[in-house]
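In the text below, chain A, chain B and the rest are named by the order of the sequence lines, each starting its count at 1. Values below: every heavy atom of this structure, side chains too, minus hydrogens, waters and symmetry copies.
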4 protein chains.
Amino acid sequence: MTPSPAGRGRPRDERSHAAITQAAAELIVESGYAAMSIGAVAARAGVGKDTIYRRWSGKPELVYEAVFTAADTTDLPDTGTLEGDLTTVVQSLIEEFSQPEAAAAIPGLLADFAADPELRATIRSRFLQPAKERLIEVFDRAGQRGETGAEVPVDLVLDTLAGAVFFHLGIIGEQPGPDLARRLAAMIAKGIEVR
Amino acid sequence: MTPSPAGRGRPRDERSHAAITQAAAELIVESGYAAMSIGAVAARAGVGKDTIYRRWSGKPELVYEAVFTAADTTDLPDTGTLEGDLTTVVQSLIEEFSQPEAAAAIPGLLADFAADPELRATIRSRFLQPAKERLIEVFDRAGQRGETGAEVPVDLVLDTLAGAVFFHLGIIGEQPGPDLARRLAAMIAKGIEVR
Amino acid sequence: MTPSPAGRGRPRDERSHAAITQAAAELIVESGYAAMSIGAVAARAGVGKDTIYRRWSGKPELVYEAVFTAADTTDLPDTGTLEGDLTTVVQSLIEEFSQPEAAAAIPGLLADFAADPELRATIRSRFLQPAKERLIEVFDRAGQRGETGAEVPVDLVLDTLAGAVFFHLGIIGEQPGPDLARRLAAMIAKGIEVR
Amino acid sequence: MTPSPAGRGRPRDERSHAAITQAAAELIVESGYAAMSIGAVAARAGVGKDTIYRRWSGKPELVYEAVFTAADTTDLPDTGTLEGDLTTVVQSLIEEFSQPEAAAAIPGLLADFAADPELRATIRSRFLQPAKERLIEVFDRAGQRGETGAEVPVDLVLDTLAGAVFFHLGIIGEQPGPDLARRLAAMIAKGIEVR
DNA sequence: AAATAATCGAGACGGTACGTCAGGTCTTAAA
DNA sequence: TTTAAGACCTGACGTACCGTCTCGATTATTT
């Protein structure tokens with residue numbers, strides 16, 4: 001998002017910002033990502049198109065902010081086992097990405113990000129940075145317990161978990177079974193545990 | 001692809017078919033999925049737009065056929081271990097999906113398929129059916145060796161592997177390191193082995 | 001209409017000819033000239049498009065034959081006055097051109113004929129030759145009665161009458177009042193009579 | 001032509017308007033009415049198609065404005081006789097409709113107007129209202145001179161004159177002989193004079 | 001009888017235009 | 001300087017027709 005420039009002239013209306021992201025979120029759910037147009041967002045938000053382009057560079061950026069805003073503030077309880085902790089992480093990934101707006105936005109959003117060379121590299125950080133931090137914490141605990149060795153392939157695990165979750169939610173469109181998180185975490189935990 | 005109807009009238013020209021799929025494959029690599037238009041494909045193939053719409057219902061169907069045609073006929077050698085067999089499977093997934101056309105097409109293609117309710121369910125079969133058959137064979141062997149138990153979560157493994165591979169190739173855009181297949185297969189194999 | 005060539009090969013099916021002209025006449029009334037397509041005529045006649053193009057060079061030629069076929073065989077009674085005779089001529093013009101197919105076809109037909117340099121010159125003969133012969137007869141009689149002089153501007157009168165009738169029927173779309181023929185004939189007759 | 005709505009937003013660019021009508025007029029002369037496409041007009045005018053559709057509902061409306069804009073401001077001299085006055089009226093009709101753009105446009109334009117039920121009724125007013133006003137003035141003078149009676153069939157005369165002129169110019173495509181106006185006016189004047 | 005040839009219905013073919021829509025930029029008057 | 005409004009150019013969409021062509025099948029004439 002482009003920050004508001006120097007304090008000359010009329011300041012930006014913050015209410016517009018909220019109206020736009022809300023309108024975008026609604027339209028994604030109603031129409032889907034591809035059918036959602038900037039013009040429609042502007043009309044529903046009661047805003048000019050320029051007001052949107054002044055703040056975001058295009059549809060992907062707008063949708064990303066409109067959909068993935070809720071900071072994941074859930075705390076990460078220590079369940080006592082790597083498998084338990086991983087289950088918690090996967091569960092929160094699933095919860096975040098199975099919101100209706102997220103499910104509707106993810107495939108198109110990933111496609112647009114992937115098509116733009118400048119943005120490809122940022123996907124992992126934009127979508128997965130919070131999860132990565134949690135994973136690191138989980139592996140720290142597991143290392144202290146002796147469940148894992150020194151070298152844990154955090155990125156491999158992260159991409160695998162995220163890939164599986166995205167694949168289910170965004171692409172297959174399957175409502176994730178209640179034990180997907182558990183089964184997935186169990187498999188991965190077992191796969192990287194020491195003995 | 002719409003099959004040619006009953007044998008009445010002028011038959012469809014197979015050379016047009018080939019020219020169209022080739023032009024589509026070229027343009028995907030040159031322009032990317034989103035920027036590739038049916039009109040441009042028609043122009044390059046020296047064909048009218050109707051000739052394309054007569055055979056395919058839209059861009060996703062055309063691109064799918066243009067990109068994913070090569071039947072995967074590689075045989076599946078018995079490496080003697082579940083981990084080795086899985087590595088082979090993952091490696092062939094990576095090879096298939098890292099062709100330039102495939103890498104350029106996958107994100108947009110998955111997005112378009114996912115956006116169409118009628119096609120969501122077909123993704124797994126269209127993209128992954130061959131891999132699933134190979135997986136079943138691999139797990140059969142592993143079961144006979146005693147590496148796995150009776151109940152192997154084939155779909156979970158398949159979606160996880162495919163998710164990880166798609167995530168790397170299509171979304172992150174990373175050229176898969178030479179040992180991604182090995183590391184991924186090792187993790188999953190260990191995760192589902194019996195002790 | 002293209003005549004059937006030498007007697008080799010399968011002869012043209014005369015029933016197709018009739019089916020085509022009938023379908024064309026129906027479609028002109030139902031859809032109007034511009035919206036009537038050759039493909040639709042072929043479909044309704046149960047005929048291939050080539051069967052039409054083999055006989056007519058295009059829509060204007062086909063429609064002309066489909067609509068203006070009825071030879072005007074009404075005899076031309078001697079009413080005893082130029083005005084009366086002219087009224088009869090105008091009346092038959094109106095009757096011919098106010099058939100529903102004719103009224104629907106005329107504006108577009110004239111436009112297509114006028115747009116083709118080769119056909120411009122033929123309009124007068126194609127549409128008006130019968131009327132011109134009648135006019136000449138009418139003026140012969142009038143000359144013998146002494147109503148007109150030696151030099152009667154036949155073409156001027158013809159174009160004027162036809163222009164007025166076409167203008168009313170084809171362009172204004174007005175159902176011609178029952179006395180249009182009488183009033184028009186009276187005006188023209190008086191305009192060219194000697195004293 | 002659709003009027004620009006309330007004074008909000010960016011006003012329509014009058015230069016686009018002029019560029020469009022000029023391009024349309026040129027293309028009509030070069031290609032003819034039927035072969036002139038909206039897309040070609042837009043391209044030549046350096047304008048998007050939307051900019052045309054925003055102002056006109058279709059080709060007929062655009063062409064009408066592009067071709068028949070020149071207000072006929074010639075004054076109508078009193079020649080002293082009905083025949084002379086009528087000659088002037090017919091002459092100006094001929095001059096207006098024998099401009100190259102008008103001659104090229106009229107047949108197709110009349111066909112399109114006639115095909116649209118909503119526009120049929122407007123033809124007389126759109127094309128002929130100025131001429132009608134002149135005719136009425138001419139007949140006023142003639143009545144005061146005693147050349148005509150109280151009841152003059154203005155519409156009949158108008159349609160007859162216009163029909164004859166359109167028929168010659170637009171349909172036959174004949175360059176009007178220098179004395180067509182004189183002969184036509186003489187015939188009609190004589191036809192409606194009182195004795 | 002066999003060969004030749006034109007026609008038949010069907011529908012695919014390369015083109016062209018349609019009228020609509022979205023993208024992203026711009027120009028206005030008002031705030 | 002931002003705002004809402006909306007015009008602007010570009011370019012793609014999917015559809016409809018155009019007039020031609022290519023099929024297998026049919027129906028005639030010519031050998």
Side-chain angles (χ1 to χ4, degrees), chain A residues 4-13 15-16 34-40 42-43 45-55 57-59, chain B residues 4-13 15-16 34-40 42-43 45-55 57-59, chain C residues 4-13 15-16 34-40 42-43 45-55 57-59, chain D residues 4-13 15-16 34-40 42-43 45-55 57-59:
Chain A
S4 187
R8 300 256 293 172
R10 173 175 175 175
R12 291 189 182 166
D13 189 336
R15 290 168 309 180
S16 296
M36 184 204 88
S37 70
I38 298 286
V47 141
K49 283 201 290 177
D50 264 13
T51 301
I52 295 181
Y53 283 108
R54 212 174 282 121
R55 292 167 153 88
S57 61
K59 186 157 77 164
Chain B
S4 186
R8 310 265 288 173
R10 176 176 175 175
R12 292 186 183 165
D13 190 335
R15 291 167 310 181
S16 297
M36 185 203 89
S37 71
I38 298 284
V47 143
K49 282 201 290 177
D50 262 13
T51 300
I52 295 181
Y53 283 109
R54 207 175 287 123
R55 295 158 199 263
S57 61
K59 187 157 77 162
Chain C
S4 187
R8 296 260 292 179
R10 175 175 174 174
R12 291 185 183 166
D13 189 336
R15 290 167 311 181
S16 296
M36 185 203 88
S37 70
I38 299 286
V47 142
K49 283 201 291 177
D50 262 14
T51 302
I52 295 180
Y53 282 109
R54 211 174 282 123
R55 292 167 155 88
S57 61
K59 185 157 79 163
Chain D
S4 189
R8 310 265 286 174
R10 174 177 176 175
R12 292 187 183 166
D13 189 334
R15 289 168 310 181
S16 296
M36 185 203 89
S37 71
I38 298 285
V47 142
K49 282 199 291 178
D50 264 12
T51 301
I52 295 182
Y53 283 109
R54 205 176 288 121
R55 294 159 199 262
S57 61
K59 186 157 78 164

Practice task
Would you indicate what Gly46(A) reaches in the nucleic acid, counting non-hydrogen atoms under 4.0 angstrom: base, sugar-phosphate, or nothing?
Solution key: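 Contact class for Gly46(A): sugar-phosphate only.
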Exercise for the section: Would you mind classifying the nucleic acid contact of Asp50(C) as base, sugar-phosphate or nothing, using non-hydrogen atoms under 4.0 angstrom? Expected result: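 If one applies the 4.0 Å heavy-atom cut-off, Asp50(C) turns out to touch a base.
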Problem - Closest-nucleotide 5' rank along DNA chain E - winner of Met36(A) and Val47(B) - result: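 The answer here is Val47(B).
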Handout entry: DNA chain E: 5'-proximal contact among Ala35(D) and Ala35(A) (nearest heavy atom)
Key =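 The 5'-side residue here is Ala35(D).
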Problem - Minimum-distance pair of heavy atoms, taken over all atoms of Arg55(A) and Arg12(A) - result: NH2-CB, 3.4 Å
Practice task
Check Ala42(D) against Gly48(D) and note the closest heavy-atom contact, atom names and distance.
Solution key: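 For Ala42(D) versus Gly48(D), the nearest heavy atoms are CB-C, 4.1 Å.
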Less than 3.5 Å between a donor and an acceptor, one on the side chain of [X] and one on the base of [N], is that the case here?
X        : N       : value
Lys49(D) : dG19(E) : yes
Arg12(C) : dT7(E)  : no
Arg10(C) : dC8(E)  : no

Handout entry: 5' precedence on DNA chain F between Gly58(B) and Ser16(A) (nearest-nucleotide basis)
Key = Ser16(A)
Handout entry: Most 5' of Ser57(C) and Ala45(D) on DNA chain F, judged by nearest nucleotide
Key =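 Between the two, 5'-proximity favours Ala45(D).
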Rounded distance in Å - [atom1] ([X]) to [atom2] ([N]):
X        : N       : atom1 : atom2 : answer
Ile52(D) : dT20(E) : CD1   : P     : 13 Å
Arg8(D)  : dG6(F)  : CZ    : P     : 7 Å
Tyr53(C) : dC17(F) : OH    : P     : 12 Å
Asp13(A) : dT2(F)  : CG    : C1'   : 9 Å
Ile38(D) : dT16(E) : CD1   : P     : 18 Å

Exercise for the section: Check the pair Lys49(A) / Ile52(A) against side chain to side chain contact (heavy atoms under 4.5 Å, CB included), numbers first and verdict last. Expected result: CA-CA 5 Å; Lys49(A) 283 201 290 177; Ile52(A) 295 181; 5.7 Å; no
Check whether any side-chain nitrogen or oxygen of [X] sits under 4.0 Å from OP1 or OP2 of [N], and answer yes or no.
X        : N       : value
Thr51(B) : dG14(E) : yes
Arg55(D) : dC8(F)  : yes
Arg54(B) : dA12(E) : yes

Completion exercise
Against the side chain of Pro11(C), the closest entry in dA28(F), dT20(E), dA5(F) is dA28(F)
